[in-house]
Amino acid sequence: MKRLSEQLNLPVEIAAKKILGAVIERSVNGHVLRARIVEVEAYHQSDAASHSVTGPSGRAKTMFESAGKLYVYLSYGIHFCCNITVGKLGEGAGVLIRAVEPLAGESIMMINRRGISGRNITNGPGKVGQALGIDRTFDGHDLEQAPIKLFLDDQLPDDEIVQSTRVGISKAVDTPWRFYIKHNPYVSKL
DNA sequence: GATAAGATTAACT
DNA sequence: GTTAATCTTATCC
């Protein structure tokens with residue numbers, strides 16, 4: 001297995017398609033939570049909607065690290081959202097995890113989500129962070145190390161991927177950098 | 001030093 | 001459909 005930093009040293013929209021369908025594994029208190037990434041969005045420093053547009057200052061500095069790191073930011077003061085950095089060192093690029101499909105440890109995720117279950121458990125970026133117990137202390141974490149690991153699989157065939165515009169932004173709204181898996185109930189918005 | 005806006009969610013009416 | 005919750009950065013005094 002090649003290093004993540006090599007595998008994800010790609011243009012953001014290519015890396016986003018590669019991360020779609022990958023599996024993220026989170027260990028906590030002897031339990032293993034595993035989930036498949038079913039919805040992502042790409043962000044880049046050349047993109048007005050990205051946190052990294054202002055340069056490697058403040059919260060987005062992690063996006064300028066080499067690929068395969070975790071960038072966690074606080075959304076609306078309440079929600080923790082998870083990104084995977086891509087591209088090369090010094091390039092402010094990342095892929096936001098918008099939704100995942102639980103594969104293992106769903107009962108633990110349910111506890112983290114205060115009893116909410118069903119497809120509402122992880123069908124949104126803030127929900128993913130909460131279900132997996134990720135907060136800002138994991139900002140900059142290397143995704144080849146415990147307790148949070150990323151496993152890339154073969155890229156999905158194009159006919160399983162839907163490409164569209166991003167959600168919840170007010171700038172660069174026409175940039176089609178949102179990717180999700182067809183016919184998956186955990187995708188936040190179809 | 002102060003203020004406005006934001007890659008959102010859940011609980012209301 | 002509307003609104004409150006709540007904190008960080010950027011942008012202006």
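Per chain, numbering begins at 1; letters A, B, ... match sequence-line order.
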How close do [X] and [Y] get, counting heavy atoms only, and between which atoms?
{"X": "A:P125", "Y": "A:C81", "result": "CB-SG, 3.9 Å"}
{"X": "A:T122", "Y": "A:M109", "result": "CG2-SD, 4.4 Å"}
{"X": "A:A42", "Y": "A:A16", "result": "CB-CB, 4.2 Å"}
{"X": "A:L156", "Y": "A:G21", "result": "CD1-CA, 4.1 Å"}

Strand-adjacent residues in residues 16-24 of chain A, judged by heavy atoms under 4.0 Å from DNA chain B: none
Any chance you could measure [X], atom [atom1], to [Y], atom [atom2], to the nearest 0.5 Å?
{"X": "A:L103", "Y": "A:L33", "atom1": "CG", "atom2": "CG", "result": "11.0 Å"}
{"X": "A:C82", "Y": "A:H141", "atom1": "SG", "atom2": "NE2", "result": "11.0 Å"}
{"X": "A:Q163", "Y": "A:L20", "atom1": "CD", "atom2": "CG", "result": "11.0 Å"}
{"X": "A:Q130", "Y": "A:K127", "atom1": "CD", "atom2": "NZ", "result": "9.5 Å"}

Close N or O pairs between protein and nucleotides 8-13 of chain B (under 3.5 Å):
{"from": "B:dT8", "atom 1": "OP1", "to": "A:R98", "atom 2": "NH1", "distance (Å)": "3.4"}
{"from": "B:dT8", "atom 1": "OP2", "to": "A:G168", "atom 2": "O", "distance (Å)": "2.9"}
{"from": "B:dT8", "atom 1": "O4'", "to": "A:S75", "atom 2": "OG", "distance (Å)": "3.4"}
{"from": "B:dT8", "atom 1": "O2", "to": "A:H79", "atom 2": "NE2", "distance (Å)": "2.6"}
{"from": "B:dT9", "atom 1": "OP1", "to": "A:P125", "atom 2": "N", "distance (Å)": "3.0"}
{"from": "B:dT9", "atom 1": "OP1", "to": "A:G126", "atom 2": "N", "distance (Å)": "3.1"}
{"from": "B:dT9", "atom 1": "O4'", "to": "A:H79", "atom 2": "NE2", "distance (Å)": "3.0"}
{"from": "B:dA10", "atom 1": "OP1", "to": "A:R113", "atom 2": "NH1", "distance (Å)": "2.8"}
{"from": "B:dA10", "atom 1": "OP1", "to": "A:R113", "atom 2": "NH2", "distance (Å)": "2.8"}
{"from": "B:dA10", "atom 1": "OP2", "to": "A:K127", "atom 2": "NZ", "distance (Å)": "3.3"}

Lys NZ or Arg CZ of A:R98 over A:Y186 ring: under 6.0 Å, within 45°: no
What do you reckon, is CG of A:D159 surrounded by more than 12 foreign heavy atoms closer than 6.0 Å? yes
Give me each pair satisfying ring-ring contact (aromatic ring centres under 6.0 Å, His included) with a member in residues 61-81 of chain A, each pair once, sequence neighbours excluded. A:H51-A:Y73, A:Y71-A:Y73
Do you reckon A:I181 sits in the same ILVMFWY cluster as A:V40, going by side-chain contacts under 4.5 Å, direct or chained? yes
note: A:N83, atom CG; B:dA7, atom P; distance rounded to Å ~ 11 Å
What integer distance in Å separates A:L96:CG from B:dG6:C1'? 14 Å
Test side-chain contact (heavy atoms from CB on, under 4.5 Å) applied to A:K189 - qualifying residues, sequence neighbours left out: A:R178
Does DNA chain C take part in any stems of at least 3 consecutive Watson-Crick or G-U pairs (both distances under 3.5 Å), and if so, which ones? B:1-6 with C:7-12, B:8-12 with C:1-5
Nucleotide N/O to protein N/O under 3.5 Å, stretch nucleotides 8-12 of chain C:
{"from": "C:dA10", "atom 1": "OP1", "to": "A:T54", "atom 2": "OG1", "distance (Å)": "2.9"}
{"from": "C:dA10", "atom 1": "OP1", "to": "A:S57", "atom 2": "OG", "distance (Å)": "3.4"}

